Structures are given as C-alpha cells and as structure tokens.
Amino acid sequence: MRRATGGGAALLLAVIACRPPAPRFTLLFLGRSPAASLGGLSWAPDPEHSRLVAFDHELHVTRRILNPRLATPMAVAPLGPAELLVTERTGEGVVVDTSGGGRVVREWESPDVASLYAAGGGGRPVVATRSPYYVPQLSTPEPDTAPLIRLLDTLGRPTGGIATIRRPATPLLDYVVNAGAVAVGGDGAVYYAPLVRDEIQKYAPGGQLAWTARRGLFPGERDPEFLPAKGAELRLKAALVNVALALGPPPDGRLYALGSDDSAATRLRVDVLDPATGAILATRHLGPRETAVAVDASGALAVFDADSLLAGADRVAPATREQFGPGFALPDLAGDTVTLTRFAGKVTLVNFWASWCDPCREEFPHMAEMYREFDRRDFEIAGVSDDVDSRRMLAFVREYRPPFPILVGGGRMKQLYHYRGLPYSVLLDRKGRVIERIFGFGGAEEFRKLHDTIANEVRVP
C-alpha cells in the first residue's frame, strides 16, 4: 500500500510539473483609463472608489492607495522608478510614491481647463493634452499658436509644446476638438489620439510628426456642431472616437488604442498598432462586460470584467492605518474650542461641508439618521463647516438642525486637508486612524455600507 501511495504521489507530481505555467498579464486598460507598469505591477486608477490599485501578473489586486488628493483619478503613467503620475478628473497632476504608503510627493494645477498627463519614465518629459475625461462644451477660443500637446517638467511647469491646435468651424468648440488621449514611449516619442476625430498620430522625440493612422470609421470627417437647443440645454453633435492610449511591454512595445465602435462610445474596441509605422495589426471588439484589457507575454490580448478584477480590492488592507492629521482645534457654534482629541476612544466620522454645496444638503439627513442609531459612547460625528460666510452657515444649520456637533472651519479646511471638493468625510477608528475616506455623496446605498462598516468597527474595543 505504501508503494502504491508513493507511486501515485510521484505521478501526481509529474502531472503538476507538466501543467503549462499560468499566463502572465500586463494590464493595459481598466474601464476607460490607461494602466501603467511600475515595479513589476500593473497600476490603474479606480475613480469610482477614489483610489489606485495594483495588480500582479495574474491580475490579482495586491495593493491599493488612497489619499485625500486622489478624489477621482482617471489615468496613471510611470514617472520614476517608484513614482506614478496621476491625472485627476479636474486636471490636477498628482505624483505618488508607490514605494512607501502612497505618499503624495507633489502636485500641480492644470495648464488647461482640465489636462491629461503622460510620461515615459526614465527622465522623459511629461506631456499634457486637453483631457478627454472632463470636456466643457464651450470654452474660450485659443490663439492659433496654442500647442496641441504641452511639454512640462517633472514639477508641472510648461517648457514647450508639440504641434498646434486644430481650429474648428465654431471657435467656442476649441476644447472639444483638441481634447484627446496621449501616451509617451520609452524613447520619448509621443502618441496622440483626438477624442472626436478618427486619427492617431505619432510625434518623434524632437516633435516632428512621424505618422498618422486612421481606422476608416467615417467616409468623411466633420467638425462637431451644435444641435437645436432643448430649453436651456446645449446639445452637441459629435462622434466620440478615441478614449485612451497605452503602450504594451517590451520587446514589442505595441501601441494599443481604446476607441469606439459607435458615435456615443457605448461599444468599445481595441486597435493594436505598430509603433514604428502606425499600421493597424489587429482589432478586438469588446463585449458589454469586457471592460478591462490586458496583454500576455506572447502579445495576445485578453479581456476581463473590470468589476470582477476589482472585487478583491477591499480585502487588501494597508499594512497599517495612518493617523488622521493634522489634528484640529476649532470653535463650535457656541464659540467653545473643540479638539480632535475630544473624540478619542470613539469611532468618528469627520465630515467637511459647506452651505453652498448641494450634495451636502442631500447628505445631512442621512448623517443625522445614522448618528441617532449608535450609542454616543461608541460613535461620533464632527461636522466641519468650510463656509467663509457665517450667516449662510448658520442658516444652513437652522434649516437642517443636525444633532451632531458643528465646528467652524472658516474657509481654511481645503488648504489644510487637501481634499478636492465637498462633501468629504473621513471615518476614524477609536485610535484616530483612518478607516476610509469618502468623496462626494453616494446616496442611500453608500450610507448603508458606511453603517455596516461603523457597526463592525464599534465592536472593536
């Protein structure tokens, strides 16, 4: 019997040894955002959850980074050996150190209404285009000499430009016509794909146009134009063509263009281009749930459901919870000073709000209801007003009559806590450490999840 068992074990080992190795993937796109390879991981933005996530070669989530300055990250690009350049939806550039706890090392304001950034790493320049993720329908006309692609240094300061903008028939549509996706190769070449035009361009490191590729989607190109208005609503006729660009891993380093099969970009496709010539080598039409695109070691495309890939991200906890800071000492409505230490030993929701913030008005009744459901020995809410006008703040308080403490921030809180917009909340554990950050108002479902998180946390002594 022992011999039979030993032989069976040897056979089993042989079978295991003969299995083909698991595919090794590099993520190209998650949702409609480009991913980036850094430190042996594929990094991608997860704007819905205000975070960055890192995938290993089997596309399992291994790390996540949250920071108040990452409100709605839309794109990432490698900037240094451990640094990611993150594009915020509103156009800020944020540089994150991935080697530590996701520390933000610097950020800068957008040179356009909203910019999209790309970089090739290894000291290559940073480039910026008009973002395809935040596109105002109307914009101030730009001069004919305005660059199509801006060159920036690693501090976000303009140093030059590539090409010039395209002038539409209607000057107020400058931004729509010139918004586009961008990627930078390891050799410094820049790839650009306009949002509403069927073309992809490559610019050599010196800025010269190397080639232009077209998919042949339309028999003729037309500029965007206004449709008859419906009441006060502006309507624009334009075909959305290009969504995002990404460069694959070496040795091929092919260019991957995430684009549209229909004018509204509800059906997506991926075109694979030869970066040397612009020739389209392959096209993959994506199904409704094929919302993540990767490439394996052989160069073959693989598609996945992005929600399924992200399902395990919440289980990847940071090594340690960071301490919330800086601690505040703010007056309440009676003029008495309230410090953060007053809430020590309790799970606490620090909520930043303002009277002019409509989502804050929607959020307050939910916070009041949740506040009443927990014992004061276990849970507290500190509502910090960032109003400059105290009369408006007091009128808001009289209207909503919150049962929790209201503190007066006096318009200084955004500069101190670096959040992008309001409302912004931070849930703290009993030791004053960050459990999670909440950007904006996500409705009743968000508060149900928040209630469950608080209920689990108050059980911890």
Side-chain angles (χ1 to χ4, degrees), residues 15-67 70 72-87 96-103 121 244 246-254 256 258 268 270 272 284 286-322 434-437 449 452-453 456:
V15 170
I16 292 174
C18 290
R19 286 178 181 171
R24 293 175 60 83
F25 295 109
T26 299
L27 191 66
L28 300 172
F29 304 105
L30 186 72
R32 301 190 175 206
S33 297
S37 295
L38 191 68
L41 299 172
S42 293
W43 289 87
D46 180 12
E48 184 176 348
H49 298 96
S50 305
R51 63 191 177 185
L52 307 179
V53 289
F55 298 86
D56 62 18
H57 287 297
E58 295 181 356
L59 296 187
H60 298 140
V61 177
T62 60
R63 289 189 59 191
R64 59 185 180 130
I65 292 176
L66 298 96
N67 189 287
L70 299 175
T72 317
M74 299 307 304
V76 292
L79 190 61
E83 291 183 343
L84 277 178
L85 173 57
V86 183
T87 297
V96 175
D97 180 3
T98 64
S99 63
R103 180 175 60 97
L247 284 159
D252 296 330
R254 290 172 174 168
Y256 297 86
L258 181 66
L268 296 180
V270 175
V272 185
R284 176 74 175 262
L286 305 184
R289 297 189 63 83
E290 295 177 337
T291 49
V293 181
V295 62
D296 68 17
S298 70
L301 282 176
V303 294
F304 306 87
D305 175 7
D307 290 339
S308 297
L309 293 184
L310 289 168
D314 291 332
R315 296 191 294 271
V316 180
T320 58
R321 288 177 174 175
E322 63 175 303
V434 176
I435 301 170
E436 65 176 296
R437 305 178 191 274
K449 293 178 180 178
D452 292 344
T453 301
N456 290 330

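All of these numbers come straight from a predicted model, not from anything done at the bench. Heads up: numbering here begins at 1 and tracks the sequence.
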For the atom pair [atom1] ([X]) and [atom2] ([Y]), what is the distance rounded to the nearest 0.5 Å?
{"X": "H57", "Y": "D296", "atom1": "NE2", "atom2": "CG", "result": "12.0 Å"}
{"X": "R321", "Y": "I435", "atom1": "CZ", "atom2": "CD1", "result": "4.5 Å"}
{"X": "L41", "Y": "L84", "atom1": "CG", "atom2": "CG", "result": "10.0 Å"}
{"X": "R51", "Y": "D46", "atom1": "CZ", "atom2": "CG", "result": "4.5 Å"}
{"X": "W43", "Y": "I65", "atom1": "CH2", "atom2": "CD1", "result": "3.5 Å"}

Looking at [X] and [Y], what are the two nearest heavy atoms and their distance?
{"X": "E58", "Y": "P23", "answer": "CG-O, 4.4 Å"}
{"X": "G102", "Y": "N67", "answer": "O-ND2, 3.9 Å"}
{"X": "A82", "Y": "S99", "answer": "CB-CB, 3.8 Å"}
{"X": "L59", "Y": "A294", "answer": "CD1-CB, 4.1 Å"}
{"X": "G31", "Y": "L258", "answer": "O-CD2, 3.8 Å"}
{"X": "P34", "Y": "F29", "answer": "CA-CD2, 3.9 Å"}

If you measure from the Lys or Arg side-chain nitrogens to the Asp or Glu carboxylate oxygens, is any gap between E322 and R437 under 4.0 Å?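 Salt bridge flag = yes for R437 with E322.
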Any [X] side-chain heavy atom under 4.5 Å of [Y] side chain:
{"X": "V293", "Y": "L286", "result": "yes"}
{"X": "V53", "Y": "L309", "result": "no"}
{"X": "L28", "Y": "V295", "result": "yes"}
{"X": "T26", "Y": "F55", "result": "no"}

Are the side chain of [X] and the backbone of [Y] linked by a donor-acceptor contact shorter than 3.5 Å?
{"X": "T72", "Y": "P47", "value": "no"}
{"X": "R284", "Y": "V303", "value": "no"}
{"X": "S33", "Y": "A75", "value": "no"}
{"X": "D305", "Y": "D307", "value": "yes"}

Give the C-alpha distance, both sets of side-chain angles, the deciding distance and a yes or no for side-chain contact (heavy atoms from CB on, under 4.5 Å) between V86 and L52. CA-CA 9 Å; V86 183; L52 307 179; 3.8 Å; yes
Determine, stepwise, if the pair L30 / L310 fulfils side-chain contact (heavy atoms from CB on, under 4.5 Å). CA-CA 10 Å; L30 186 72; L310 289 168; 4.1 Å; yes
